[in-house]
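For reference, the structure is listed below as structure tokens.
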Amino acid sequence: MIISMRAGATKEEVDHVIEQIGKMGYEAHPIYGKERVVIGAIGDERGKARLHALEAAPGVEQVVPILKPFKLAGRELRSDRSVVRVGDLKVGSDQFVVMAGPCSVESREQILETADAVKKAGAQILRGGAFKPRTSPYSFQGLEEEGLKLLAEAREKTGLRIVTEVMTPEDIPLVSKYTDILQVGARNMQNFVLLKRLGQARRPVLLKRSMMGTVQELLMSAEYIISQGNSDVILCERGIRTFETYTRNTFDLSAIPLLHQLTHLPVIADPSHGTGVRSLIPTMSKAAVAAGADGLMVEVHPNPEEAFSDGAQSLMPREFVELMADVRRYLPLEKRHL
Ligand code: PEP
Ligand code: MN
């Protein structure tokens with residue numbers, strides 16, 4: 001339910017409503033806007049009608065239901081777009097945020113060389129998997145903590161922020177020690193135990209859409225994280241599986257403006273996994289800018305031919321430089337900058 005306070009309602013009136021919501025067994029999520037306070041009352045859908053009684057409380061203007069199932073991720077309660085801060089970066093603002101780096105952290109030389117290259121090209125965040133969810137148990141599984149340490153060293157040397165995947169709830173403390181953003185991979189989008197634990201983590205979360213996930217399911221997964229207390233969620237469109245086989249996935253560009261209509265959360269695009277084809281990535285990156293993406297995630301490898309994972313979709317550093325030059329030219333059209 002949304003409890004809208006009258007413009008000019010006093011602090012005492014707001015606090016009283018918050019207290020009453022708690023007494024009824026619901027959690028109060030106050031949003032202090034410029035003109036008025038609105039309070040989300042979130043909890044068991046059964047019995048929520050009782051909250052209508054709050055219309056009689058002093059200072060309350062109206063009590064209306066939140067129609068969408070994603071109560072906290074949706075725009076009914078919070079209409080302004082939210083900005084997720086990563087150090088001094090603001091994801092979801094007019095600042096466009098580029099996350100680039102290899103699919104997997106493979107060696108010290110590989111990650112330091114890539115970090116240096118993507119930094120020089122203008123990326124603000126270094127990506128690289130240390131825990132890799134692979135289709136085959138015989139494929140490279142990642143360097144684990146050693147990989148995290150290498151990412152931390154690259155951050156130290158370049159000042160880039162780090163995003164890396166966490167696959168299990170148990171690994172959250174370890175990965176949090178080394179990273180700025182915790183990535184949930186497509187294959188874990190509906191790992192509800194992981195999502196709940198990330199809701200208690202003190203780090204922004206990059207939530208990737210699963211290859212068979214609908215937009216609503218993506219938003220419900222974000223809701224799991226936010227409802228546990230962590231509202232710093234960045235969504236990522238990374239392609240879905242369709243009958244098309246020329247591309248690895250079908251990059252669902254329309255999901256970006258659709259998500260902006262449905263949610264206040266920032267949305268970034270990953271054309272690398274979205275297409276799986278190196279030659280398509282520059283064009284789809286520009287398309288993502290035009291579609292309103294708040295940022296990009298792009299795989300870059302100094303020697304894609306020898307990459308341990310996702311070589312076919314990894315750009316060489318010089319190709320990434322060209323992509324960034326192109327993106328830079330497009331950003332002003334969308335009133336954004338790097
Ligand atoms: C990745 O970012 O390397 C990755 C494994 O992506 P996804 O979870 O989208 O497949
Ligand atoms: Mn990858």
Side-chain angles (χ1 to χ4, degrees), residues 1-82 84 169 172 184 188-202 204-205 207 209-210 212-235 258-267:
M1 289 290 203
I2 301 173
I3 294 94
S4 303
M5 303 300 293
R6 273 187 238 289
T10 64
K11 182 178 180 309
E12 288 69 33
E13 288 169 340
V14 172
D15 290 347
H16 173 72
V17 171
I18 291 175
E19 197 185 318
Q20 290 303 109
I21 292 171
K23 278 192 190 151
M24 290 179 178
Y26 287 80
E27 202 163 306
H29 293 261
I31 292 164
Y32 298 89
K34 280 199 190 84
E35 280 178 10
R36 64 179 71 235
V37 180
V38 295
I39 308 168
I42 308 296
D44 197 337
E45 283 290 283
R46 297 162 300 175
K48 67 178 182 194
R50 286 192 300 145
L51 291 158
H52 273 300
L54 290 171
E55 260 178 0
V60 172
E61 184 162 275
Q62 59 170 356
V63 178
V64 293
I66 304 178
L67 300 175
K68 298 276 192 318
F70 35 89
K71 311 288 176 194
L72 296 169
R75 292 193 87 150
E76 289 170 271
L77 179 60
R78 183 186 290 269
S79 53
D80 293 345
R81 287 203 189 171
S82 48
V84 174
I172 294 173
V184 179
N188 265 325
M189 186 196 87
Q190 287 192 315
N191 180 340
F192 301 117
V193 179
L194 178 64
L195 299 176
K196 281 188 195 171
R197 290 278 290 277
L198 286 165
Q200 291 147 17
R202 294 282 152 267
V205 175
L207 177 63
R209 180 180 181 183
S210 88
M212 66 295 193
T214 64
V215 164
Q216 175 145 322
E217 284 163 345
L218 172 64
L219 290 171
M220 293 313 292
S221 293
E223 189 78 11
Y224 263 94
I225 301 170
I226 303 173
S227 62
Q228 294 291 313
N230 185 357
S231 51
D232 287 339
V233 179
I234 303 163
L235 303 172
L258 175 60
L259 282 165
H260 278 320
Q261 286 174 19
L262 296 172
T263 178
H264 52 86
L265 299 171
V267 182

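Closest non-hydrogen pair, Pro65 versus Glu76, comes out as O-OE2, 4.3 Å. Summarising the geometry of Phe70 relative to Met220, their closest heavy-atom pair is N-SD, 3.7 Å, with the distance given to 0.1 Å. Across all non-hydrogen atoms, the minimal contact from Ile18 to Ile39 is CG1-CD1, 4.0 Å. Scanning both residues, Gly47 and Tyr26, for their nearest heavy atoms gives C-OH, 3.5 Å. Summarising the geometry of Val63 relative to Glu55, their closest heavy-atom pair is N-OE2, 2.8 Å, with the distance given to 0.1 Å. When every heavy atom of Ala73 is checked against every heavy atom of Thr263, the shortest pair comes out as O-OG1, 2.6 Å.
With a 4.5 Å cut-off on side-chain heavy atoms, Val205 and Val84 do not count as touching. A 4.5 Å side-chain heavy-atom check between Leu259 and Leu218 finds at least one atom pair inside the cut-off. Proximity of Leu265 to Val267: side-chain heavy atoms (C-beta onward) are nowhere separated by under 4.5 Å. With a 4.5 Å cut-off on side-chain heavy atoms, Gln190 and Met212 do not count as touching. In this structure, Val60 and Met5 have side chains that are in contact, with non-hydrogen atoms separated by less than 4.5 Å. Looking at Met1 and His52, their side chains come closer than 4.5 Å, going by heavy atoms from C-beta outward. By the 4.5 Å heavy-atom criterion applied to side chains, Ile66 and Ile42 are counted as neighbours. Side-chain contact between Leu235 and Leu219: present, with at least one pair of heavy atoms (C-beta onward) separated by less than 4.5 Å.
Here the NZ-CG distance, from Lys34 to Asp80, works out to 6.5 Å after rounding to the nearest 0.5 Å. Atom-to-atom distance recorded for His29:NE2 and Ile3:CD1 is 11.0 Å, nearest 0.5 angstrom. The line from CE of Met24 to CG of Asp44 is 14.0 Å long, rounded to the nearest 0.5 Å. From Ile21, atom CD1 reaches atom NE2 of His16 across 10.0 Å, with rounding to the nearest 0.5 Å. Ile172 CD1 to Leu198 CG: the interatomic distance, rounded to the nearest 0.5 Å, is 4.0 Å.
Lys23 meets the side-chain contact (heavy atoms from CB on, under 4.5 Å) test with Glu19, Gln20; sequence neighbours excluded. Every residue meeting the salt bridge (Lys or Arg N to Asp or Glu O under 4.0 Å) condition with Glu61, not counting sequence neighbours, appears here in chain and number order: Arg36.
In terms of modelled atom types and a separation under 3.5 Å, the side chain of Gln62 and the main chain of Ser4 share no donor-acceptor contact. Using modelled atom types, no side-chain atom of Arg209 and backbone atom of Glu217 make a donor-acceptor pair closer than 3.5 Å.
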Exercise for the section: Tell me, with the steps shown, if Met189 and Leu207 meet side-chain contact (heavy atoms from CB on, under 4.5 Å). Expected result: CA-CA 7 Å; Met189 186 196 87; Leu207 177 63; 4.2 Å; yes
Handout entry: From CA spacing to verdict: side-chain contact (heavy atoms from CB on, under 4.5 Å), Arg78, Val38
Key = CA-CA 9 Å; Arg78 183 186 290 269; Val38 295; over 6 Å; no
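Sorted by first and then second residue, the pairs that involve residues 220-231 and meet side-chain hydrogen bond (donor to acceptor under 3.5 Å, both in side chains), not counting sequence neighbours, are Gln200-Gln228.
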